[in-house]
Amino acid sequence: MKRITKSLWAPLLAFGVMGGILAADSAGSGDAQYASPAPGSSDERIYCVGSVGKVYVTAAVMQLVEQGLVELDEPVTTYIPDFTMADDRYTDITVRMLMNHTSGILGSSFRNAFLYDDTYRDNEYLLQSLAAQRLIHAPGEYAAYCNDGFSLLELIVENMTGVDYTEYVVQNIASRVGAAHTGSPMTLFDNELNAPITFTGNVPYDYDYCMAIGAGGIHATASDVANFGSAFFTGNDVLLSRESQMAMATRWNGEGENADIYEDANGLGWDYVERLAYEHSGVTVLGKGGDITNQHAHLLVAPDQKISVAVLSSGGASMYNELVAEAILDVVLEEQGIKINHGTERTFDFSDEVPEEYLAYEGFYAFSSLSGSSFSYLSFDKQMMHVQHFDCGAQKTDDYRFLTDGSFVRVDEDSVPTVDFSIGRFEERDGRVYIAAETSFELAGLGTNTYYRYAAERINPNSASEAAASSWRGICGREMVLCNERYSSTDYDSPFACIYMIDGLPGYLYAVTGAGKRTLQIVDETHALAFTTMPCSTNRDLVDMELDSQTVSDGSSVAVIKLSMGRDYRFVDEFPVFDNSVSEISLHDDEPQWFVIGDDVAGSTIIADCPEDSVIYVYNKYHEVVYSTHMINSYGNVPLPEGGYIMFGGLSGGRISVD
């Protein structure tokens, strides 16, 4: 066995390779408290693998298919009779559609799904939330990443076996592949091998758990995950038959030249079952990434070459892990005599003028990015297209030159294609105008990531009434904060939100929340809906929004913004002031007590006496966390920054006293 240790971006990084090559666990901080166990040893670190867990729940259901307990093309309602939605088409959703992300479900009903040092589960919330939701497209129409589909698969496993899902995974998956440290928060809570977590500034932090176990709550070591990946090697039937493995490894919308390259390349459970750089060298790869708040993962499998690479990290992002996994895979393939070329020399044959027929495409577009969607305006001069982006009040313009084939490429101030290039083309589809794009960006020291997607959609005029527009205009620019998550929710790391309207684009809203950026279409005085139709995962995790009111614990009625995914937001300007008169705070389930820090106490500190099941967060005027009781060994003085905010959370009946 070859052993490689590297110090990278995070406090802890682990990677394992099946195929007789490598298993390693590496500390990157240099701090003795993060000293790593021996690679491949019984005390290797445990991480949450996030959405890599979707391959586990897919494999579990495929086992039930082989046993005749489940049929892939049977409606989900056959196996979950209580599943219903506020859209009659939900009865057309099949088990296969959950696995390949084509169900049409909005995305992620993730209330109280990510928790620090806590394993609370609301087992009824998922079905309750879905019962009030609509579909974003007809079932089976296109693939757009959907977490809720895999939470439903978890329920199918439990309903058809009568066994808790975690227990099923341990008994029927982990034990069969020799994965001794695989489980979930229900079995690995507070395990001494859990990887250490750090917050901004490398502050040691509480461990975070994903309680949506089917969608992203499996925990394991890197070696365990690599062993799991080896179950998909050609000829290995330890978990599934070859027929089931091939079904999982088949692209949802056809293969090779028959597929729309700008649509998703996923199979069943896998994020992708085709990678062009590897296909060109005759290598099929299957991949799946995963992210929760502070832990990240990527699993990469080359079935025919019998290589499985798992990269897990505390800190970073799954896209970084993916590039590390590819680098490891490339080394192993080269030892087998297979050379992978990821780079391509690009030459651009520029056109002297913008094609005249494209001038009709001027207007507003909803653009997608890694952090969500936002509005942009496309305009043209004789030689260029200009894309003006509107983001939280800031404006930025990208310039594009057209090529002789009708596509366009982003250029710098010297009209030279940018290093991180983006090549797009207009595409009309079903009466709509989209921008299909090939985007490439380099991550220093890790490599280049290139992906294909429908990146933007032209916006049609929305004839919302003046009364509706006025209602939403009245709350634009007012700061909001999350107000209905459990005290232990990791979402309080970034709880602030705000809604904007764009000049020249009546009838539309732009919401910036901790859950990402969202573009919405105003329907009436109290409702705004997601409206984009891009046929790929740029259309994932859409949310509808409602302006409502509710009664809080002190008996008062407050305005709230309710998101269809389950998060509620209150307006900061309605919060009380935290000053010298506050000495005790009563706690209430899923209702954090927010305060604006008063001028008379700004710059000072307090000492707080807190019950065990509670939390304190302090934010500065820039909405940055400057103090949290999730910080390991947090004690002593709690800072009160000028212009900042303080939040107290906990279970009903508890009290926090301050001095």
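All values derive from a computational prediction rather than experimental measurement.
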Discussion item. Walk me through whether Lys54 and Asn147 qualify under side chain to side chain donor-acceptor pair (under 3.5 Å).
Written reply: CA-CA 9 Å; Lys54 289 179 172 64; Asn147 284 297; 2.6 Å; yes

Worksheet entry | Test side chain to side chain contact (heavy atoms under 4.5 Å, CB included) applied to Val273 and Met248, step by step | CA-CA 9 Å; Val273 295; Met248 291 178 63; over 6 Å; no

Item to complete: Could you please spell out the steps behind the side chain to side chain contact (heavy atoms under 4.5 Å, CB included) verdict for Ile218 and Thr182?
Response: CA-CA 7 Å; Ile218 292 297; Thr182 294; 4.1 Å; yes

Practice prompt. List the steps, then state whether side chain to side chain donor-acceptor pair (under 3.5 Å) holds for Tyr145 with Ser51.
Written response: CA-CA 11 Å; Tyr145 199 89; Ser51 288; 3.1 Å; yes

Practice prompt. For the pair Val70 and Val95, evaluate side chain to side chain contact (heavy atoms under 4.5 Å, CB included) and give the outcome as yes or no after the intermediate values.
Written response: CA-CA 8 Å; Val70 174; Val95 176; 4.1 Å; yes

Item to complete: Would you check, one step at a time, whether the test side chain to side chain donor-acceptor pair (under 3.5 Å) holds for Ser318 with Asp291?
Response: CA-CA 6 Å; Ser318 64; Asp291 298 271; 2.5 Å; yes

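Ile80 CD1 to Leu127 CG: the interatomic distance, rounded to the nearest 0.5 Å, is 6.5 Å. Rounded to the nearest 0.5 angstrom, Gln245 CD and Leu239 CG are separated by 8.0 Å. For the atom pair CE of Met62 and OG of Ser244, the computed distance is 4.0 Å after rounding to the nearest 0.5 Å. Here Phe83 contributes atom CZ and Ile156 contributes atom CD1; the two are 9.5 Å apart, rounded to the nearest 0.5 Å. To the nearest 0.5 Å, atom CG of residue Leu542 and atom OG of residue Ser564 are 8.5 Å apart. Atoms SG and CZ, on Cys48 and Phe114 in that order, are 8.0 Å from each other to the nearest 0.5 Å.
When each of Ser103, Ser108, Ser109 is tested with Asp148 by the rule side-chain hydrogen bond (donor to acceptor under 3.5 Å, both in side chains), just one qualifies, namely Ser109. Among Phe496, Trp594, Tyr627, Tyr622, the one residue that satisfies the ring pair (Phe, Tyr, Trp, His ring centres under 6.0 Å) test with Tyr645 is Phe496. Evaluated for a side-chain contact (heavy atoms from CB on, under 4.5 Å) with Glu485, the options Ser489, Cys483, Ser488 yield exactly one hit, Ser489.
Taking a cutoff of 4.0 Å between a charged side-chain nitrogen and a carboxylate oxygen, Asp271 and Lys288 qualify as a salt bridge. One finds no salt bridge joining Asp122 and Arg486 here, because no Lys/Arg side-chain nitrogen approaches an Asp/Glu carboxylate oxygen to under 4.0 Å.
Between Tyr617 and Tyr619, the ring-plane angle classifies as parallel under the 30° and 60° cut-offs. Taking the six-membered ring for Trp and thresholds of 30 and 60 degrees, Tyr116 and His630 have ring planes inclined between 30 and 60 degrees apart. Note on ring orientation: taking the six-membered ring where Trp is involved, the planes of Phe189 and Tyr209 are tilted (angle from 30° to 60°).
If you look at Phe232 and Phe228, their ring centroids are closer than 6.0 Å.
A donor atom on one side chain and an acceptor atom on the other are not found under 3.5 Å apart for Glu584 and Ser657. Asp613 and Tyr487 share a side-chain donor-acceptor pair at under 3.5 Å. The closest side-chain donor-acceptor pair between Ser313 and Gln295, if any, does not fall under 3.5 angstrom. Checking Gln133 against Ser129 by side-chain atom types alone, a donor-acceptor pair falls below 3.5 Å. No hydrogens or angles considered: a donor-acceptor pair under 3.5 Å links the side chains of Glu167 and Gln171.
The closest side-chain heavy-atom distance from Phe578 to Phe648 is below 4.5 Å. Side-chain contact between Leu300 and Tyr272 is present, with at least one heavy-atom pair separated by less than 4.5 Å. At least one side-chain heavy atom of Leu299 sits under 4.5 Å from a side-chain heavy atom of Ser308. Put simply, the side chain of Gln550 reaches to within 4.5 Å of the side chain of Asp568, judged on heavy atoms. Between Asn112 and Met211, the closest side-chain pair of non-hydrogen atoms is not below 4.5 Å. Side-chain contact between Leu152 and Leu130 is present, with at least one heavy-atom pair separated by less than 4.5 Å. Side-chain contact between Val52 and His298 is absent, with no heavy atoms from C-beta onward closer than 4.5 Å. Counting heavy atoms from C-beta on, the side chains of Ile616 and Cys610 come closer than 4.5 Å.
Legend: residues meeting side-chain contact (heavy atoms from CB on, under 4.5 Å) with Ser586, ordered by chain and number and at least two apart, are His588, Arg655. Scanning for side-chain contact (heavy atoms from CB on, under 4.5 Å) contacts around Ser604 gives Val601, Leu640, with sequence neighbours left out.
Sorted by first and then second residue, the side chain to side chain donor-acceptor pair (under 3.5 Å) pairs with a member in residues 153-164 read Arg121-Glu154; sequence neighbours excluded.
Taking all atoms of both residues into account, the shortest heavy-atom contact from Ile292 to Gly216 is CG2-O, 4.1 Å. Among all heavy-atom pairs drawn from Ala302 and Leu329, the shortest one is CB-CD1, 4.2 Å. The shortest heavy-atom contact between Ala220 and Leu312 is O-CD1, 3.7 Å. When all heavy atoms are compared, the tightest approach of Tyr207 to Ile46 is OH-O, 3.4 Å. In terms of heavy-atom proximity, Gly566 sits nearest to Asn484 at O-ND2, 2.8 Å. Pairing each heavy atom of Ile173 with each of Ala59, the nearest pair is CD1-CB, 4.4 Å.
Panel note: side chain Tyr320, backbone Gly315; no donor-acceptor pair is recorded below 3.5 Å. Side-chain N or O atoms of Thr221 include one that pairs as donor or acceptor with a backbone N or O of Asp224 at under 3.5 Å. A donor-acceptor contact shorter than 3.5 Å links the side chain of Asp589 to the backbone of Ser652. Here the side chain of Thr513 pairs a donor or acceptor atom with the backbone of Gly516 at under 3.5 angstrom. Side-chain atoms of Asn321 come within 3.5 Å of backbone atoms of Val311 as a donor-acceptor pair (strictly under, hydrogens ignored). Of the possible polar contacts, one joining the Asn236 side chain to the Ser230 backbone as a donor-acceptor pair under 3.5 Å is found. A donor-acceptor contact shorter than 3.5 Å is absent between the side chain of Arg540 and the backbone of Gly372. The main-chain N or O of Asp190 is never found under 3.5 Å from a side-chain atom of Glu192 such that the two would form a donor-acceptor pair. The backbone N or O of Glu624 sits less than 3.5 Å from a side-chain atom of Asn620, completing a donor-acceptor pair. Asn266 places a side-chain N or O within donor-acceptor distance of the main-chain N or O of Asn100, the cut-off being under 3.5 Å.
Residue-environment remark: CD (Gln67) exceeds the threshold of 12 foreign heavy atoms within 6.0 Å.
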